Q: 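Below is the structure I would like to discuss, written out as structure tokens.
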Amino acid sequence: MKIFLIAGARPNFMKIAPIARALDSHNPLTYKIVHTGQHYDQNMSDIFFQELGIRQPDYHLGAGGGTHAQQTARIMTGFEDICTNERPDMVIVVGDVNSTLACSVVAKKMQIKVAHVEAGLRSFDLSMPEEINRMVTDAISDLFFVTEEQGMVNLIKEGKPESALHFVGHVMIDNLFYQLKKLEEMDPETLPYNDFKQAHSDYGVVTLHRPSNVDNRDVFEGIMGTLAKVSESLPLIFPIHPRTRKNMEVFGIEPADNVHLVEPLSYMAFLNLWKDAEVALTDSGGLQEETTALGIPCLTIRENTERPITITEGTNELVGTSREAILNAFGRIIAREWKQGQRPKFWDGRASERIVEILKGERVKI
Ligand code: UD1
């Protein structure tokens with residue numbers, strides 16, 4: 001069976017790494033890596049390939065930048081050419097980015113099987129491009145690999161056949177544990193901003209890039225004002241996404257002195273920081289889950305989440321953009337009144353292995 005493994009944007013790279021490793025250990029399953037180029041900066045893309053041990057992509061579509069339609073169209077056109085030449089048996093897409101949607105649609109129209117890893121998550125918020133990507137991808141996928149029980153519930157409600165659904169756990173958590181072990185064996189002094197960690201016994205980390213938080217001046221200024229208040233009690237380190245940096249410049253927003261902006265970090269450099277943080281303030285999908293896996297308090301600066309298990313079982317809480325809600329939750333963290341949380345079922349570092357075992361069994365069925 002010939003498989004294409006698709007990655008395009010930063011949150012995809014940590015998901016394909018463990019799948020590629022699991023596929024490597026099962027010889028009959030040959031695969032090629034397609035990088036759509038949705039993310040293209042060295043520190044948004046290349047550094048992840050190097051550090052996560054992903055081999056060089058077999059194809060690079062160079063389709064980054066532009067509007068959603070321009071980007072999606074470039075990915076689709078490039079990917080269709082490759083599929084025409086190579087005729088893979090299956091395309092594996094991960095997550096919810098534009099590359100996920102673009103490649104699944106192309107494959108399905110060419111009668112190529114589509115497997116979606118991280119299927120079934122729903123925020124029910126159609127103002128989020130990721131929710132549209134998730135819904136479209138799941139509408140046409142053949143195989144669904146699910147990270148949490150609510151994902152199974154959502155897919156069953158949408159009429160998917162149970163035989164196509166597989167609750168396997170989370171490949172991103174496989175990667176987290178793998179990299180954590182590597183980090184323990186490394187000298188952290190070699191990582192950027194380890195000196196920040198040494199200089200501050202307590203600190204928080206921030207990531208922010210959702211259009212709803214950073215594309216509107218008032219909302220963005222409001223969040224930065226709240227972060228300034230938080231930073232009066234706890235220094236914050238904030239690796240800043242290109243979209244966020246651009247808007248900060250356009251709006252003329254100046255971060256407070258104790259909010260330390262740094263360039264986007266490699267996986268290891270960021271892990272080295274957040275794993276020992278007092279709190280993560282974020283609008284990322286992945287960090288909500290990773291902090292739950294390690295029991296770090298997480299304040300999600302969004303009104304909803306497609307990853308509810310991080311709230312019901314984990315250490316995450318939705319605080320939206322309200323200054324009062326953020327400061328209230330932050331106060332409870334500092335007062336050590338935060339929930340302990342537990343690691344969700346199957347977030348055990350073996351999700352990729354389960355996926356590959358299923359794919360091997362599926363060779364006859366598909
Ligand atoms: C994308 C994903 C989002 C994910 C995020 C992580 C979609 C719809 N969104 O959002 O789910 O959480 O990645 O980063 O797919 N840019 C650069 N250099 C890069 C990449 C992007 O300068 O390497 C610029 C782009 O040109 C654009 C902006 O950053 O101006 C946004 O990039 P884009 O890929 O459109 O979406 P993200 O906001 O990164």
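These numbers come from the heavy atoms of this one structure, side chains and all, not from hydrogens, waters or symmetry mates. These numbers come from a predicted model, not from an experiment. In listed order, ligands and their atoms are each counted from 1.
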Q: Quick one: do R350 and D174 make a salt bridge, cutoff under 4.0 Å?
A: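 Salt bridge: no.
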Q: Using a strict cut-off of 4.0 Å, indicate which atoms of ligand 1 neighbour a heavy atom of N133.
A: 8 (C)
Q: Of the side chain and backbone of P11, name the one, both, or neither that has a heavy atom under 4.0 Å from an atom of ligand 1.
A: side chain
Q: Does NZ in K339 sit with more than 12 non-hydrogen atoms of other residues, nucleotides or ligands closer than 6.0 Å?
A: yes
Q: Indicate the ring-plane relationship of H200 and H260, choosing parallel, tilted or perpendicular according to the 30° and 60° boundaries.
A: tilted
Q: Do Y267 and F48 have ring centroids that are under 6.0 Å from one another?
A: no
Q: Can you check whether H39 and F13 have ring centres sitting under 6.0 Å from each other?
A: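 H39 vs F13: aromatic centres not under 6.0 Å.
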Q: Which residue owns the protein heavy atom closest to atom 2 (C) of ligand 1, what's the atom, and how far is it?
A: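 For this ligand atom, the closest protein heavy atom is V97 CG1, 3.7 Å.
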Q: Check ligand 1 against H68 and write out every atom of the ligand that is under 4.0 Å from a heavy-atom position of the residue.
A: 8 (C)
Q: Relative to ligand 1, is H39 under 4.0 angstrom through side chain, backbone, both or neither, heavy atoms considered?
A: both
Q: Check whether any heavy atom of N43 sits under 4.0 Å from an atom of ligand 1.
A: no
Q: Looking only at heavy atoms of S45, does any of them come nearer than 4.0 Å to an atom of ligand 1?
A: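 No, S45 has no heavy atom closer than 4.0 Å to ligand 1.
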Q: Quick one: nearest non-hydrogen protein atom to atom 22 (O) of ligand 1, plus distance?
A: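 Protein heavy atom with the smallest distance to atom 22 (O) of ligand 1: Y40 OH, 3.1 Å.
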Q: The test is side-chain hydrogen bond (donor to acceptor under 3.5 Å, both in side chains); show your working for E189 and Q198 and say whether it passes.
A: CA-CA 10 Å; E189 299 282 338; Q198 283 175 333; 3.1 Å; yes
Q: Show the atoms of ligand 1 that are less than 4.0 angstrom away from any heavy atom in M44.
A: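 Listed by number with element: 14 (O), 19 (C), 23 (O).
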Q: Do other residues, nucleotides or ligands put more than 12 heavy atoms under 6.0 Å from the CG atom of D257?
A: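 Not buried by this count: 12 neighbours or fewer within 6.0 Å.
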Q: Which atoms of ligand 1 sit under 4.0 Å from any heavy atom of K246?
A: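 Matching atoms, with element in brackets: 30 (O).
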Q: Quick test: of every protein heavy atom, which one is nearest to atom 18 (N) of ligand 1, and how far off is it to 0.1 Å?
A: D41 OD2, 3.0 Å
Q: Any idea which protein heavy atom is nearest atom 11 (O) of ligand 1, and the distance to it?
A: E130 OE2, 2.7 Å
Q: For ligand 1, which atoms, with element, lie under 4.0 Å from some heavy atom of Q71?
A: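 Here the atoms of ligand 1 in question are 34 (O), 35 (O).
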Q: Tell me if the aromatic rings of H166 and F145 count as close, with their centers under 6.0 Å from one another.
A: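 Centroid distance H166-F145: below 6.0 Å, so yes.
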Q: Would you call E317-R332 a salt bridge at under 4.0 Å N-O?
A: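 Looking at E317 and R332, the cut-off is met.
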Q: Which heavy atom of the protein is the closest neighbour of atom 8 (C) of ligand 1, given with residue, atom name and distance?
A: N98 OD1, 3.2 Å
Q: Ignoring hydrogens, tell whether any protein atom lies closer than 4.0 Å to atom 27 (C) of ligand 1; use the non-hydrogen atoms only.
A: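 It does not: no protein heavy atom is found less than 4.0 Å away from atom 27 (C) of ligand 1.
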Q: Check each of H209, R10, H241 against atom 4 (C) of ligand 1 and report the one with the nearest heavy atom.
A: H209
Q: For K109, does the NZ atom have more than 12 heavy-atom neighbours from other residues, nucleotides or ligands under 6.0 Å away?
A: no
Q: Answer yes or no for R55 and Y31: cation-pi contact, defined as NZ/CZ to six-membered ring centre under 6.0 Å and angle to ring axis within 45°.
A: yes
Q: Look at atom 38 (O) of ligand 1 and say which protein heavy atom is nearest, naming residue and atom and giving the distance to 0.1 Å.
A: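 The protein heavy atom lying closest is R243 NE, 3.1 Å.
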